[in-house]
Amino acid sequence: MDLKRVLDIVEEEVVDGDEEELASPDAKRRRTLLNSSSMQEAIGAQYMQKHLPKLEPFLRRVVQEEVHNVLIRHIDSAHRLPLQLKTSSKRYKLQFQGNLPQTLFTGNRVEAENKQPLRIVLTDAVNNQLITSGPLSSMKVELLVLDGDFNADERLEHTEKEFSESIVFEREGKRPLLSGEVVIVLEKGVASVRDISFTDNSSWIRSRKFRLGARMSRASSIEERVQEAVSNPFLVKDHRGEVYKKHHPPALADDVWRLEKIGKDGVFHKKLADFGIHTVQDFLRNLVMDQYGLRGLLGSGMSNKMWESTVEHARECVLDDKLYSYCSGHGIILLFNCIHEIIGVVVGSNCFSVNALTATQKALVVKLQQDAYKFPSRIVEFKVQSQSADQSPTAPVPPGPASTQMPGLPPQGGEANPQPQDHGLLPLHDAALGLEDVLHQHHRRHHSEPWITDGFDATRDPFDMLQFSGSSQPCGLLLSSTGARL
């Protein structure tokens, strides 16, 4: 019984029973003293003591009815699953194989991640084995759109009623949410979702996300309970938004606004463009060469959290196998990958990985690396001529401002000025030639500054060929970190 109605009835009985008492002179005198708080409390307590016995039966009955209803609902839900299990000899379930992307676009074919076909399989709910025979293995399956909040707790099971109540239908005046082949047929318990697409975005429902659902076609007459399939939640955006889609992972040649937190034609995009950063590769190169300068360029408008998100997304980029070089002017060539991370050193006709260098040599390489980063336009693509059995190791000569030949290289075959071969490749000097002699010749011819920096012994070459006789490899045999042959 409704509690408000009960209290109204009790109040009527109380007023009817006390009408004569309230009309007495004593009652009138008591009402004149109601302005006293203590008197009000006393009257209230006396009133409750007098009328509580009348309220108690009604309250008790209401509480008993409510408790009874709660217990009935609890017992019904607790025993529903065991009862269902007892009524069927087998339990089956449909499942999606593979996850859908986090974002889909209207009009585009629905596919699993990595552009793989989305498949539906029929399995045994107990042992998860594929059902390849029997009537169920060749039944029709219906594809539906579900609310993104359905099964948010990722329960293993749900009821048919819960599934049906979560189906999302099209908005008024719109086409059905799914178009295409919305009914597919199992073949040996497996079916592929080949040609369906969304006609409307998901922004108009509360969760702002959809799920894809699959159930046995209602036209099929089956006795067994087959649990419906439910996909992961995903956003559906209008097709025109695909133009601004972020790529995962991004490509080196992608526009820089493809990175997270950088909007096309937005403030950050314009700042980067003004600084000559147009692609993801440009962004990564600047991140390697001057991380703090790049961070300062974007300014305080980009929070640290946004910056971390952008950098993390950029580092998902798959690098190519191209190599780049910087000729230091001291007979040493630094080797970089495609985003200008240093990966090796060429000294004479030998290549050295950074890990093979001593602490002194690494310190020198760091100084040369910093010089290279000051002149990024001098970091050019590095090409290597393949080494055969009857050829000497060869290495490239990056074009420099003064000469296309590596400084200090003596001519071969008596030629005073050897001409570059294909791709700008020149034979290196004989490995037996001391590096000190090469550097001395280069200094005498070009009057360059000594390459020995403060903190190094000017009388000894940190890259003396004899020191690396056991740790170097001929050019053409050393592999870069990305697998490219040097």
Side-chain angles (χ1 to χ4, degrees), residues 250-259 262 268-299 302 307 310-311 313-347 351-354 357 361-384 395-407 420 423-425 442 446 448-449 451 453 463 480-482 484 486:
L252 288 171
D254 279 347
D255 291 318
V256 70
W257 54 262
R258 295 285 186 184
L259 295 177
I262 300 177
F268 301 140
H269 183 203
K270 292 179 180 178
K271 287 183 177 181
L272 293 171
D274 291 342
F275 200 71
I277 301 174
H278 302 286
T279 66
V280 173
Q281 186 174 28
D282 295 336
F283 183 90
L284 286 169
R285 285 178 174 177
N286 280 270
L287 182 67
V288 170
M289 294 189 294
D290 188 8
Q291 176 177 343
Y292 297 105
L294 180 62
R295 178 68 181 93
L297 172 66
L298 294 172
M302 174 172 278
W307 166 255
T310 303
V311 170
H313 186 202
R315 286 176 174 163
E316 293 177 6
C317 183
V318 178
L319 307 183
D320 60 29
D321 287 334
K322 289 184 180 180
L323 299 176
Y324 294 79
S325 62
Y326 173 80
C327 185
S328 66
H330 308 297
I332 300 174
I333 298 177
L334 303 184
L335 297 180
F336 302 92
N337 64 9
C338 61
I339 60 172
H340 293 175
E341 291 175 327
I342 189 164
I343 59 173
V345 182
V346 176
V347 181
C351 300
F352 303 90
S353 67
V354 175
L357 305 180
Q361 293 157 353
K362 286 181 180 178
L364 174 61
V365 168
V366 169
K367 289 183 176 292
L368 297 178
Q369 179 184 359
Q370 293 172 350
D371 291 340
Y373 288 167
K374 293 177 182 178
F375 304 99
S377 60
R378 298 183 185 179
I379 302 176
V380 296
E381 187 173 349
F382 182 94
K383 298 181 181 179
V384 178
V397 177
S403 173
T404 58
Q405 183 178 359
M406 180 174 174
H423 306 294
L425 299 179
H442 171 63
H446 300 281
S448 63
E449 296 182 358
W451 68 286
T453 57
F463 282 91
S480 73
S481 59
T482 59
L486 301 181

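These numbers come from the heavy atoms of this one structure, side chains and all, not from hydrogens, waters or symmetry mates. Numbering starts at 1 and runs along the sequence shown.
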**Study point:** Verdict with supporting geometry, Val345 and Ile333, side chain to side chain contact (heavy atoms under 4.5 Å, CB included)
**Key:** CA-CA 6 Å; Val345 182; Ile333 298 177; over 6 Å; no
Practice item. Might you work through the side chain to side chain contact (heavy atoms under 4.5 Å, CB included) test for Leu319 and Leu252, ending with a clear yes or no? Key: CA-CA 7 Å; Leu319 307 183; Leu252 288 171; 4.1 Å; yes
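Phe268 has its side chain out of reach of Thr310: every pair of non-hydrogen atoms, C-beta onward, lies at least 4.5 Å apart. Side-chain contact between Ser328 and Asp371 is absent, with no heavy-atom pair separated by less than 4.5 Å.
Counting only distance, with no hydrogens or angles, the side chain of Asp320 and the backbone of Lys322 share a donor-acceptor pair below 3.5 Å.
Separating the CG atom in Asp255 from the NE2 atom in His269 is a distance of 6.0 Å, to the nearest 0.5 Å. From Leu334, atom CG reaches atom CG of Leu368 across 5.5 Å, with rounding to the nearest 0.5 Å. Atom CZ of Arg315 sits about 8.5 Å away from atom CG of Leu284, to the nearest 0.5 Å. His340 NE2 to Tyr326 OH: the interatomic distance, rounded to the nearest 0.5 Å, is 12.5 Å.
In terms of heavy atoms, Ala251 sits closest to Cys317 at C-SG, 3.7 Å. Of all heavy-atom pairs spanning Tyr324 and Cys338, the tightest one is CE1-CA, 3.6 Å. Nearest heavy-atom pair across Ile379 and Tyr373 is CD1-CD2, 4.4 Å. Smallest separation of non-hydrogen atoms from Ser325 and Leu335: CB-CD2, 4.1 Å. Of all heavy-atom pairs spanning Leu357 and Gln361, the tightest one is CA-OE1, 3.5 Å. Heavy atoms only, all atoms of each residue included: Val365 and Ile342 are closest at CG1-CD1, 3.3 Å.
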Donor-acceptor list for residues 289-299 side chains, cut-off 3.5 Å, not counting sequence neighbours:
from, atom 1, to, atom 2, distance (Å)
Asp290, OD1, Gly293, N, 3.0
Arg295, NH1, Gly299, O, 3.2
Arg295, NH1, Met302, O, 3.3
Arg295, NH2, Met302, O, 2.6
Arg295, NH2, Asn304, OD1, 3.2

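Residues that satisfy the side-chain contact (heavy atoms from CB on, under 4.5 Å) test with Thr279, not counting sequence neighbours, are Gln281, Asp282.
Note: Trp307 and Phe283 have tilted aromatic rings, judged against thresholds of 30 and 60 degrees for the angle between ring planes.
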